[in-house]
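Throughout, protein chains are lettered first and strands after them, A, B, ... in sequence-line order, and every chain is numbered starting at 1. Scope of the values below: all heavy atoms of this structure, side chains included, with no hydrogens, waters or symmetry mates.
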Amino acid sequence: MVKYIKYIAIILILIVISIIVFYFSEKISPEQQIENQIIKFLSKASKSPGDKLSTGLLKSKSLESLFAPHCRFSVGVSSFSGNYTPLQISNNSMRCRTIFNRVRFRAYDIEINLISQGTATVNFTASINGLTKRGEAIDDYKELTCKLRSIEGKWLIYAIAIREIMKK
Amino acid sequence: MLKKLLKLYIECWRPHRGESASEAITHFYVPKLDGPFLVRIITIVAVGYVIFSFVLIPEIIVGASMEPTYFRRGFTFCWRGKYLFSSPKRGDIVIIKFTKDVSLLKRIIALPGDNLYIRNGTLYLNGIAQKENYVKKPCDWNLPPRTVAPGNVYVIGDNRSMSIGRHKFGEVSQKRINGAPLW
């Protein structure tokens with residue numbers, strides 16, 4: 001029995017260590033969760049050259065889960081500005097995908113500010129690199145501000161403002 | 001222990017002690033590939049990496065928008081410490097982080113709250129025509145009035161001989177100011 005106690009103790013210690021590691025790896029900070037949401041948003045809005053229609057549909061549909069029931073888009077004086085539901089955002093994303101052969105959105109210099117309990121503002125620079133079906137190359141950078149709210153434990157985007165980096 | 005390590009480290013920088021002058025010169029130009037030499041190389045590479053990545057960032061000037069102050073294909077360093085203890089002023093030349101890999105070299109012409117416009121190439125700041133000695137080439141630009149928002153600055157290049165559409169300038173967040181050119 002004494003012989004086995006040693007092995008049981010080792011197994012128990014290993015189990016305890018595993019639980020501790022699992023607990024801490026699962027516990028991501030709010031900032032990390034918010035950054036993940038932004039990266040997820042840009043990745044789902046992007047289109048790879050080999051993306052099939054079904055992939056596009058799935059990606060656009062999954063965008064819905066990142067937005068609050070009403071999301072405000074502000075794009076300067078563009079007619080694109082307004083309030084959108086997650087379904088409308090998903091449909092618009094699908095429409096945009098049909099314009100491009102490939103398009104890639106990436107975020108740089110992400111700055112996260114937790115304003116109050118459950119509300120955050122994220123400022124970052126987004127790069128848009130792609131090729132339209134007409135053969136036009138797009139290579140642009142914009143400044144974005146996203147506002148997120150924690151709803152049922154998930155950070156959801158409820159406002160997006162897109163600006164020029166340098167406004168003449 | 002720490003004192004011993006420090007002493008050992010200092011010794012790495014005095015490899016020629018006890019050598020004759022000719023031996024020291026030979027070892028200076030053809031160093032022995034030993035432990036102290038490795039320590040010196042690692043130190044130099046680490047210090048160089050920190051300095052040229054975070055303090056003095058090498059910048060190659062690609063465009064002509066700052067001519068004649070800075071010429072195309074010129075070279076300078078972005079001095080990151082310039083605005084650590086001071087705020088940008090009108091007339092300062094700054095390096096602005098534009099994209100991940102591209103920075104812009106521009107001059108600040110207006111600060112937050114300033115109202116500016118350009119009429120027939122002359123800059124008006126808060127209603128007063130400005131004498132800009134750094135603008136050497138003829139300019140016929142016209143820009144409607146605007147007020148610089150808090151937290152922003154208005155930047156423009158010194159070379160205004162090109163068309164207004166081709167010149168990258170405008171209102172930009174002060175957070176994007178990376179520093180100033182070293183020379």
Side-chain angles (χ1 to χ4, degrees), chain A residues 31 34-36 38-43 45-46 48 72 74-78 81 100 102-115 120-131 136-148 159-168, chain B residues 54 57 62-63 65-66 80 88 94-110 112 114-119 123 139 141-157 160 162-179:
Chain A
E31 283 89 349
I34 291 164
E35 192 175 329
N36 288 347
I38 296 295
I39 291 166
K40 219 183 269 180
F41 162 47
L42 296 181
S43 139
S46 299
S48 305
R72 169 97 197 143
S74 312
V75 196
V77 287
S78 156
S81 295
F100 291 95
R102 62 172 170 82
V103 64
R104 191 178 190 193
F105 297 94
R106 291 178 85 175
Y108 301 101
D109 308 324
I110 301 175
E111 194 187 290
I112 300 163
N113 295 309
L114 288 166
I115 304 166
T121 303
V122 187
N123 291 300
F124 62 98
T125 306
S127 75
I128 307 137
N129 181 278
L131 187 75
E136 290 168 64
I138 310 274
D139 191 15
D140 201 4
Y141 284 81
K142 300 277 182 210
E143 221 168 53
L144 266 84
T145 301
C146 288
K147 288 184 178 173
L148 293 95
I160 297 179
I162 304 169
R163 294 178 304 275
E164 294 292 332
I165 292 175
M166 203 175 264
K167 194 180 157 205
K168 276 186 180 169
Chain B
F54 304 104
I57 302 161
V62 177
S65 75
M66 276 302 281
R80 297 289 306 273
V94 289
I95 292 171
I96 288 159
K97 190 178 182 186
F98 190 63
T99 65
K100 189 179 163 250
D101 313 305
V102 178
S103 295
L104 300 176
L105 188 62
K106 299 284 168 192
R107 191 183 291 274
I108 296 174
I109 59 159
D114 281 346
N115 182 274
L116 73 118
Y117 60 91
I118 297 175
R119 191 175 293 157
L123 168 71
C139 169
W141 290 5
N142 285 298
L143 191 75
R146 66 218 45 237
T147 304
V148 182
N152 291 356
V153 287
Y154 205 92
V155 295
I156 202 161
R160 300 179 203 165
M162 59 180 80
S163 77
I164 196 166
R166 277 183 57 220
H167 195 114
K168 260 200 179 84
F169 69 94
E171 193 173 328
V172 69
S173 167
Q174 284 189 32
K175 284 181 192 164
R176 286 192 174 268
I177 298 176
N178 246 358

Item to check | Partners meeting side-chain contact (heavy atoms from CB on, under 4.5 Å) with A:F41 (sequence neighbours left out) | outcome: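 side-chain contact (heavy atoms from CB on, under 4.5 Å) check on A:F41 returns A:L63, A:L66, A:F67, A:I157, A:I160.
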
Next on the checklist: Ignoring hydrogens, what is the shortest heavy-atom contact between B:V172 and A:I165? Give both atom names and the distance.
Outcome noted: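 Closest approach of B:V172 to A:I165: CG2-O, 3.6 Å.
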
May I have a list of the donor-acceptor pairs under 3.5 Å that connect chain A with chain B?
residue	atom	partner	partner atom	Å
A:D109	OD1	B:K97	NZ	2.9
A:D109	OD2	B:K97	NZ	3.2
A:E111	OE2	B:K175	NZ	3.4
A:T125	OG1	B:R176	NH2	2.6
A:E143	OE2	B:R176	NE	2.7
A:E143	OE2	B:R176	NH2	3.2
A:K167	N	B:E171	O	3.0
A:K167	O	B:E171	N	2.8
A:K168	O	B:R146	NH1	2.0
A:K168	O	B:Y154	OH	3.1
A:K168	NZ	B:I164	O	2.8
A:K168	NZ	B:H167	O	2.9

Checklist entry - Relative to chain A, which segment of B:I156 carries a heavy atom at a distance below 4.5 Å: side chain, backbone, both, or neither? => result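 Neither part.
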
